[in-house]
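Right, one structure below, let's go through it.
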Amino acid sequence: MSLTKAALQAGMLSRFHRSVGQVSLCAVAIRSPPAASTSGPRFSTAAPLKMNVPQPECLRKPLNVPSKLLMGPGPSNSPLRVHYAMMKPLLGHLHPEFTQIMDEVKEGLRYIFQTKTEVVCCVSGTGHAGMETTMCNLLEPGDKILIAQNGIWGERAADMARRHDADVRIIEKPGDTFTLEELDAALAQHKPAVLFMVQGESSTGVLQPLEGAGALCRKHGALLAVDCVASLGGVPFYMDAWDIDVVYTGTQKVISAPPSMAPIAFNDRAMTKVRTRKTPIRSFYSDMTWLANYWGCDGTPRKYHHTGPISAVYALREALAIVCEEGLESLWSRHEACAKKLHEGLGALGLEMYVSDPKKRTPTVSTIRVPEGVDWTRVTKYFMSNYLVEISGGLGPSAGKVWRVGLMGYNCTPENVDLVLRIMKRLLQMPQANPKSQRYRKNSH
Ligand code: PMP
């Protein structure tokens with residue numbers, strides 16, 4: 001009798017293995033535990049301990065998730081095709097079928113970053129993990145980093161850089177963009193090892209132009225690292241042509257996959273810095289040499305670094321396939337057209353944009369000035385409680401001053417723009433809710 005047949009008869013194979021007809025040695029490994037030794041020291045007592053923590057009552061109820069339209073600065077909704085991808089069977093994180101999917105993700109990322117660089121992969125974590133990975137790989141104690149800060153993300157980057165004992169220098173223009181002349185002067189003054197910039201500042205709604213910044217960094221011997229979490233896919237971005245050394249993004253904005261990973265790319269200049277560091281990278285999890293190996297970017301066999309988020313990688317693969325099917329040029333012009341429609345519609349309702357120059361606005365996250373004396377929370381609550389539509393308030397320098405409306409990826413449609421404008425219009429027509437009416441002001445105090 002075969003080992004499997006004997007095991008089946010003895011009831012030792014699990015129901016799963018029987019139902020799929022798989023013959024697997026792991027199944028026959030299910031055995032009775034060895035008899036407990038009766039002599040010598042023992043860790044366990046005969047009587048089980050009394051449970052101090054019972055099963056929580058809340059977990060007996062079915063999972064309840066309302067369906068909301070996420071028109072804030074992120075996450076945005078994902079297409080069903082992306083959700084379905086996550087229902088595919090789990091694979092092991094080094095199985096060839098899975099590493100093949102990782103390679104497909106890398107190709108999609110090279111397209112969306114517009115790069116042919118070797119080291120393109122994902123950090124398992126959200127956009128912040130991309131920022132942390134950038135800082136901990138590029139900076140050694142005492143290294144100078146210049147941060148072009150025009151919103152909260154520059155502040156966060158400075159905080160992270162300080163944690164790595166970097167010498168942090170800041171130039172600040174909250175809610176505005178930096179010119180090449182300003183960058184040139186600051187690079188000449190501070191002589192940093194790294195210049196950090198944010199393309200789409202989701203806290204202020206500013207779009208920082210990047211063309212020319214890479215050439216300046218090369219002139220001054222610095223690396224250029226760019227956060228494009230809230231902009232990639234919504235506006236043109238060319239990693240190679242713009243001489244950008246490091247870039248990272250998030251999955252949950254324009255790409256429209258669930259929040260889960262931070263796609264990231266390091267070019268050869270950046271990897272040379274990583275490989276010639278005098279001090280070890282302080283985070284094992286974010287070490288780019290390990291990540292590059294796990295993602296098959298260093299020409300050596302992949303080694304176990306961490307367990308990749310399998311289902312999230314499937315979702316990203318499908319979301320990138322959708323981006324590739326539409327094409328970047330079409331995606332960029334869809335974002336431009338929808339943002340223009342939104343801004344014009346808001347103007348017609350008498351509302352003002354926080355970033356007054358339309359050329360300086362990121363189309364992905366629009367910041368709308370909250371009129372004087374108005375409680376912004378009443379408007380966001382009205383959107384949510386009446387329509388299950390999320391718009392959000394400000395963040396960092398824009399806190400309390402703006403509403404933020406996201407138009408990203410799957411959610412960036414003329415229909416969604418119309419919906420936001422219709423709700424805003426209705427709100428403005430209601431005396432008890434109209435931010436501009438006396439009654440609203442009285443009610444809000
Ligand atoms: N950078 C920018 C520009 C962002 O908009 C965000 C998220 N709003 C982040 C970084 C951080 O990303 P996450 O919340 O996914 O960690």
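Every number for a ligand or one of its atoms is a count from 1 in the order of the listing.
- In summary, the aromatic rings of Trp153 and His128 are positioned with their centroids under 6.0 Å apart.
- The cationic atom of Lys106 (NZ for Lys, CZ for Arg) does not lie both less than 6.0 Å from the six-membered ring centre of Trp295 and within 45° of the ring axis.
- Between Leu342 and Val405, the closest side-chain pair of non-hydrogen atoms falls below 4.5 Å.
- Residue-ligand proximity, Gly127 to ligand 1, at heavy-atom distances under 4.0 Å covers atoms 12 (O), 13 (P), 15 (O), 16 (O).
- Atom 6 (C) of ligand 1 has Trp153 CZ2, 3.3 Å as its closest protein atom, hydrogens excluded (heavy atom only).
- Using a 30° and 60° split on the angle between ring planes, Tyr238 and Trp332 fall in the perpendicular class, above 60°.
- Among the atoms of Thr126, some N or O lies under 3.5 angstrom from an N or O of ligand 1.
- Contact atoms of ligand 1 toward Asp227: 1 (N), 2 (C), 3 (C), 10 (C) (distance under 4.0 Å to a heavy atom of the residue).
- Considering Ala157, Ser202, Ala129 only, the shortest heavy-atom separation from atom 5 (O) of ligand 1 involves Ser202.
- For His306 and Tyr285, the ring centers sit closer than 6.0 Å to each other.
- Remark: the Thr364 side chain and the Thr362 side chain contain an N/O donor-acceptor pair separated by less than 3.5 Å.
- In this structure, of Gln252, Lys253, Met131, Glu132, the residue bringing a heavy atom nearest to atom 8 (N) of ligand 1 is Lys253.
- The residue among Gln199, His128, Glu201 with a heavy atom at the shortest distance from atom 14 (O) of ligand 1 is His128.
- Atoms of ligand 1 lying under 4.0 Å from any heavy atom of Gly200, numbered from 1 in the order shown and given with element: 3 (C).
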